[in-house]
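We're numbering straight along the sequence, starting at 1.
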Amino acid sequence: KVKVGAYWYSYASSTSAAVQEANSVVNALRGKQFEWPIYYDVEEQSIFTAGIASAITKAFCEVLEANKYYCGVYSSASALNSYFDSYVKSQYTIWVAHWDAVTPAYSGPYGLWQYKVGYTPGVSGQVDLDYGYIDFEPIMKEYGLMGIRYNHELNLNLENNIRYLEEYKENLFYFFY
């Protein structure tokens, strides 16, 4: 069975825009079931410059959680260290991007690490490659339909599995395992 999650690339310039993005995600994913979290992809420099990374992330994730989706945060190691507060980093599972490093330069716990761009069998062209450290599916089953916040002490799985991403539509992407 192929395990599926998704992520949404954020262009939000305010918490109300983040809530609108979250509602779009909920509408797009309605009726679908996932074995992996739905990640909020925060990379736009304007978000960091405005100092709103934590506020928009919290607003987005709260809407997803209210709709029983398990929400996480995707961003670079540098951004996670510099622009996100401890609440966000402790309440939501982290997917850290740090390419071509021996380990990510992120100081907190993370469940996924995007480590480089490369090739994977069955996919034409380059894809982002990731290591996964947590088996999220048992967590999803234990708590039901992804409506939980991540507890960093729960069910750690240190098997390294290469992951790849595939574009779905506009800002929403599915990733397959």
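Shown here are the side chain to side chain donor-acceptor pair (under 3.5 Å) partners of Asn23, two or more places apart in sequence or in another chain: there are none. Evaluation of the ring pair (Phe, Tyr, Trp, His ring centres under 6.0 Å) rule for Phe48 yields Tyr83 as partners, not counting sequence neighbours. For Ser14, the side-chain contact (heavy atoms from CB on, under 4.5 Å) criterion is met by Ser16, Ala17, not counting sequence neighbours. Annotation: side chain to side chain donor-acceptor pair (under 3.5 Å) contacts of Ser86 (sequence neighbours excluded): none. Here Asp100 pairs with nothing under the side chain to side chain donor-acceptor pair (under 3.5 Å) rule; sequence neighbours left out. Looking at residues two or more places apart in sequence or on another chain, you find a side-chain contact (heavy atoms from CB on, under 4.5 Å) between Ile52 and Ile47, Ala50, Ile56.
Remark: side-chain polar atoms of Lys89 are paired, donor with acceptor, to backbone N or O of Leu80 under 3.5 angstrom. Under a 3.5 Å cut-off, the side chain of Ser75 and the backbone N or O of Val42 do form a donor-acceptor pair. Without hydrogens or angle criteria, His98 side chain to Ala105 main chain gives a donor-acceptor distance under 3.5 Å. Checking side-chain atoms of Glu21 against main-chain N and O of Ser10 turns up no donor-acceptor pair under 3.5 Å. A donor-acceptor distance shorter than 3.5 angstrom exists from the side chain of Ser90 to the backbone of Tyr87, with no hydrogens or angles considered. Formation of a donor-acceptor pair under 3.5 Å by the Asp128 side chain with backbone atoms of Lys116 is not found in this model.
In this structure, Tyr115 and Tyr131 have parallel ring planes: the angle between them is below the 30° cut-off, well short of the 60° mark. Phe60 and Tyr40 have parallel rings, their planes meeting at less than 30° on a 0 to 90° scale where 60° marks the start of perpendicular.
Residues Phe84 and Val73 come closest through the heavy atom pair CE2-CG1, 4.0 Å. Across all their heavy atoms, Gly132 and Leu112 have their closest contact at CA-CD2, 3.4 Å. Residues Leu29 and Phe34 share a closest heavy-atom pair of CD2-CZ, 3.5 Å. When all heavy atoms of Tyr106 and Asn81 are compared, the pair lying nearest together is CD1-OD1, 3.3 Å. Contact detail for Gln114 and Tyr74: the closest heavy-atom pair is OE1-OH, 2.7 Å. In terms of heavy-atom proximity, Asn67 sits nearest to Val63 at ND2-O, 2.9 Å.
Expressed to the nearest 0.5 Å, how far CG of Asp135 lies from CH2 of Trp36 amounts to 6.0 Å. Put simply, OH on Tyr39 and CD1 on Ile94 are 8.5 Å apart, with the number rounded to the nearest 0.5 Å. We find the OG1-CD distance between Thr120 and Gln126 to be 12.0 Å, quoted to the nearest 0.5 Å.
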Verdict with reasoning, Val88 to Tyr92, per side-chain contact (heavy atoms from CB on, under 4.5 Å)
CA-CA 6 Å; Val88 166; Tyr92 307 110; 4.1 Å; yes
Begin with the C-alpha distance, continue with both residues' side-chain angles, and end with the deciding distance and a verdict on side-chain contact (heavy atoms from CB on, under 4.5 Å) for Glu43 and Tyr11.
CA-CA 9 Å; Glu43 299 182 59; Tyr11 292 100; over 6 Å; no
Before giving the answer on ring-ring contact (aromatic ring centres under 6.0 Å, His included), spell out for Tyr7 and Trp95 the whole-Å C-alpha distance, their side-chain angles and the decisive distance to 0.1 Å.
CA-CA 10 Å; Tyr7 70 94; Trp95 181 3; 5.7 Å; yes
Might you work through the side-chain contact (heavy atoms from CB on, under 4.5 Å) test for Trp8 and Ser24, ending with a clear yes or no?
CA-CA 10 Å; Trp8 180 269; Ser24 294; 4.1 Å; yes
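Ile139 places a side-chain heavy atom less than 4.5 Å from the side chain of Ile134. Counting only heavy atoms from C-beta outward, the side chains of Tyr69 and Val25 never approach each other to under 4.5 Å. Using a 4.5 Å cut-off on side-chain heavy atoms (C-beta onward), Cys61 and Gln91 make no contact.
In the model, Tyr9 has a side-chain atom that pairs as donor or acceptor with a side-chain atom of Glu44 under 3.5 Å.
Grouping Ile, Leu, Val, Met, Phe, Trp and Tyr residues whose side-chain heavy atoms lie under 4.5 Å apart, directly or via other members, places Val117 in a hydrophobic cluster with Trp99.
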